[in-house]
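These numbers come from the heavy atoms of this one structure, side chains and all, not from hydrogens, waters or symmetry mates.
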Amino acid sequence: MISMSPVRPGNGRRYLFRGVMVGDGHRRAGTPLRVAQDEAGVPPGVWKGRGLAALGLAAGDVVTERQAELLLGEGRHPDADRIERELLAQGKTPAQARRATVLGRPIEHNRSPKTDKAKERTPWLAFDLTFRPPPTAHVAWALMDDRHRRVLELCDAIARDKTLAGMEESVAEIRWKAGGKERARVKDGLVVAVFRHYESRATESRPLLHTHAVVSIRARRPHDGKWGNLSADSLMTHIVAADTLYTLYFMEEVSARLGWAWEPREVTPGRRPVMEIAGIDQRLIGWQSTRRQQIEDALPVLTAKYEEKHGHAPGERAAYALACQAADQTRPPKRTELRSLTELRTRWRTSAIRAFGACTVYRLAERARAAAAAVWARVRPVVDIALAAVDTVAVVYVMRGAFARHHLLAEARRHLAYALRGQPHQPGLDEQIVQTVVDDYTRPVGRGRKMTADLRALYPRDTEDQAVLRPLTRNRSAPPYERARLAAGALAARVHAARRAERLGSRTRPRAVAVPAASRSHPRPLRAGPENGRVLEPETGVDTVEQTRQTLEAAAAKMAATLQDSRRAREAAHGLRPQPAPTTAPPHTQQPGIQHTPGRTTGGVA
């Protein structure tokens with residue numbers, strides 16, 4: 001997952017230089033940066049991003065303390081000291097020399113009494129994007145051998161760099177003029193300082209492979225090349241879509257390099273499942289994530305106070321706010337002692353063996369490979385564009401009502417992660433799914449860029465379909481995601497029935513969902529399990545959906561029988577002899593571009 005927090009002058013700046021840059025530990029005053037990093041056992045930070053060329057830096061260069069202080073702490077050129085010396089030698093005044101090293105507007109401008117609303121403005125210096133792989137990846141990285149550790153670190157780095165490149169291409173915007181009225185894509189790209197960490201900040205250290213990507217707010221305009229500030233709201237708006245992209249890339253890299261597969265795990269009943277490495281003992285997730293248990297223990301108290309004050313249970317947005325409040329209340333102080341990665345891994349392995357036994361720890365890789373073979377035998381790594389679009393729009397519509405394109409993009413990537421289970425997806429497939437949704441199943445709403453589902457395009461006006469779908473979308477007693485999965489399952493069942501009717505030679509139903517000729521299979525929607533933390537089985541299991549499917553199949557079979565009787569009547573009227581039945585059954589035939597597999601399958605595209 002990806003979380004985002006601003007870096008501001010004052011406490012934010014101190015946290016960056018005394019915490020983030022030295023492994024989230026405690027850096028003593030006066031300790032050089034490299035010495036503190038060696039003591040913490042973390043590698044030095046490196047520069048990333050296409051915007052480095054405009055500053056004379058190169059990707060992979062080590063981030064020095066002075067460079068970070070100038071660029072990320074003052075908004076100045078990272079080589080400002082040399083530039084000032086050269087300008088002073090040319091006869092410039094100190095003020096002129098300093099102003100020449102400032103990228104864009106000085107941060108002192110916001111504290112000037114001449115500035116309107118000076119007290120309300122707090123300048124941002126950078127954005128701290130924290131990249132975290134799924135919990136089972138932390139477990140495998142901490143407890144397996146050095147080869148697996150290095151491969152998982154490489155997978156994390158590749159997924160992180162691809163995600164940052166995607167944000168540079170399609171998300172990052174620079175703003176100028178009053179209120180940021182003018183916006184455009186950045187000219188060169190982003191300037192990012194990357195710092196890798198190995199453990200959580202809790203007093204009882206636990207493995208937490210994560211990376212802080214500190215993005216400088218300074219960027220260049222495309223039309224005149226002048227320096228300005230990035231648009232913070234653009235990055236914050238698309239952070240969930242970036243999160244799903246990072247998870248998708250990480251899953252693909254792990255599956256390609258280690259041969260492991262992924263499966264959904266339900267953390268909270270009725271909420272979205274998370275993708276985890278198949279075969280990793282689920283007990284190790286609780287051992288690794290002590291903070292989650294602390295938050296879960298504090299959350300019921302806050303929820304009870306909310307219900308007593310408001311008279312009803314918290315909704316999705318209020319529940320998220322309460323979870324954040326519980327996390328803040330239970331946040332432990334940082335550890336003051338520093339340990340190397342080798343010492344940490346030894347402690348982690350000893351702790352896990354003491355808790356769960358040596359067999360559980362030393363057979364992690366073997367069980368992951370065996371579980372991957374079972375997943376690949378059950379799941380076909382294909383994606384159906386039509387069903388992916390129906391699934392995406394149904395989930396987003398039930399969850400949000402009105403939505404934007406980035407909401408569809410995030411859900412389409414979640415669908416790909418579930419359908420492919422780590423197999424690579426074709427570049428641009430997520431955008432293709434979203435474009436299908438926008439073109440066929442949505443309509444604009446309001447004056448902005450919001451849209452909502454076009455229900456007439458999703459299902460006909462007949463009472464049968466509405467009797468199935470409307471209770472699913474309007475039932476407020478069930479969690480939103482559970483209702484979303486039920487609605488998606490009902491629509492998927494109708495698409496399957498329309499395809500069966502086409503294969504039987506009958507006419508398609510009115511306003512049926514169009515199915516592209518390249519469709520191959522279908523993904524089965526998730527169904528929330530009653531047990532917290534158990535792996536979800538890829539089946540629908542909804543009585544309402546099954547009744548709809550049986551009704552539609554019966555109608556299609558009845559229509560096919562009617563056509564067969566009429567054909568025989570025409571043959572009898574014209575004196576045609578019926579053809580003798582073949583002695584051997586002909587091989588099974590199928591339509592071009594459509595894959596038919598007997599039995600129950602999972603997966604889903606083209």
Side-chain angles (χ1 to χ4, degrees), residues 7 12-86 101 103 125-132 141 146 149-165 167-168 188-199 208-220 227 338-344:
V7 178
R13 185 173 181 272
R14 284 193 295 270
Y15 174 73
L16 172 63
F17 288 95
R18 295 187 181 182
V20 171
M21 297 176 67
V22 292
D24 284 338
H26 180 74
R27 180 185 179 187
R28 298 185 303 273
T31 306
L33 174 62
R34 195 67 192 97
V35 175
Q37 290 172 341
D38 290 338
E39 292 178 353
V42 297
V46 295
W47 291 108
K48 296 286 184 180
R50 292 189 293 107
L52 295 172
L55 298 175
L57 301 174
D61 289 349
V62 174
V63 179
T64 66
E65 185 171 12
R66 184 56 178 167
Q67 289 176 340
E69 184 177 356
L70 289 170
L71 180 60
L72 304 176
E74 301 178 7
R76 300 169 63 194
H77 196 285
D79 202 8
D81 295 338
R82 178 188 59 81
I83 297 175
E84 283 190 9
R85 288 195 302 267
E86 294 177 353
T101 64
L103 305 179
L125 304 175
F127 309 98
D128 182 11
L129 303 178
T130 306
F131 292 77
R132 300 184 187 88
W141 169 82
D146 284 339
R149 175 185 65 83
R150 290 191 294 268
V151 171
L152 289 171
E153 290 177 1
L154 177 62
C155 295
D156 170 67
I158 293 175
R160 178 203 64 217
D161 292 346
K162 286 184 176 180
T163 304
L164 289 174
M167 297 177 71
E168 283 183 325
D188 306 305
L190 302 177
V191 180
V192 189
V194 175
F195 303 93
R196 168 165 285 170
H197 298 166
Y198 297 136
E199 57 179 327
L208 183 63
L209 176 65
H210 62 287
T211 303
H212 291 268
V214 185
V215 183
S216 172
I217 199 173
R218 306 300 189 186
R220 293 208 299 173
W227 289 90
L338 303 175
R339 305 187 186 104
S340 65
L341 179 59
T342 302
E343 183 181 0
L344 288 172

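- F195 has its side chain out of reach of V42: every pair of non-hydrogen atoms, C-beta onward, lies at least 4.5 Å apart.
- With rounding to the nearest 0.5 angstrom, the OG atom of S216 is 11.5 Å from the CG atom of L70.
- Interatomic distance, NE2 of H212 versus CZ of F131, reported as 11.5 Å (0.5 Å rounding).
- Of all the heavy atoms in A213 and L164, the pair that sits closest is CB-CD1, 4.4 Å.
- Contact between G60 and V46 at its shortest, heavy atoms only, is O-CG1, 3.8 Å.
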Which is it for V192 and L129 under the side chain to side chain contact (heavy atoms under 4.5 Å, CB included) test, yes or no, and what are the steps along the way? CA-CA 10 Å; V192 189; L129 303 178; over 6 Å; no

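- Considering L55, D81, L57, V62 in turn, L57 is the only one that fulfils the side chain to side chain contact (heavy atoms under 4.5 Å, CB included) rule with Q67.
- With contacts defined as side-chain heavy-atom distances shorter than 4.5 Å, the pair W227/H77 does not qualify.
- Take D161 and apply the side-chain contact (heavy atoms from CB on, under 4.5 Å) test, not counting sequence neighbours, and it matches K48.
- The two residues W47 and A58 have their closest heavy-atom pair at CB-O, 4.0 Å.
- The CG atom of D79 sits 8.0 Å away from atom CZ of R85, with the distance rounded to the nearest 0.5 Å.
- Remark: the backbone N or O of V20 is paired with a side-chain donor or acceptor of H197 at under 3.5 angstrom.
- Residues R149 and L341 have side chains in contact (heavy-atom distance under 4.5 Å, counting atoms from C-beta outward).
- Between L52 and D61 there is no side-chain heavy-atom pair separated by less than 4.5 Å.
- Remark: the backbone N or O of L344 is not paired with any side-chain donor or acceptor of E199 at under 3.5 angstrom.
- Expressed to the nearest 0.5 Å, how far CD of E153 lies from CG of L209 amounts to 6.0 Å.
- In this structure, C155 SG and W141 CH2 are separated by 14.0 Å, a value rounded to the nearest 0.5 Å.
- For the salt bridge (Lys or Arg N to Asp or Glu O under 4.0 Å) with D188, the qualifying choice from R50, R220, R218 is R220, the only one to do so.
- By the 4.5 Å heavy-atom criterion applied to side chains, L72 and V7 are not counted as neighbours.
- Within the 3.5 Å criterion, the main-chain N or O of L190 finds a donor-acceptor partner in the side chain of E168.
- Formation of a donor-acceptor pair under 3.5 Å by the R196 side chain with backbone atoms of T211 is not found in this model.
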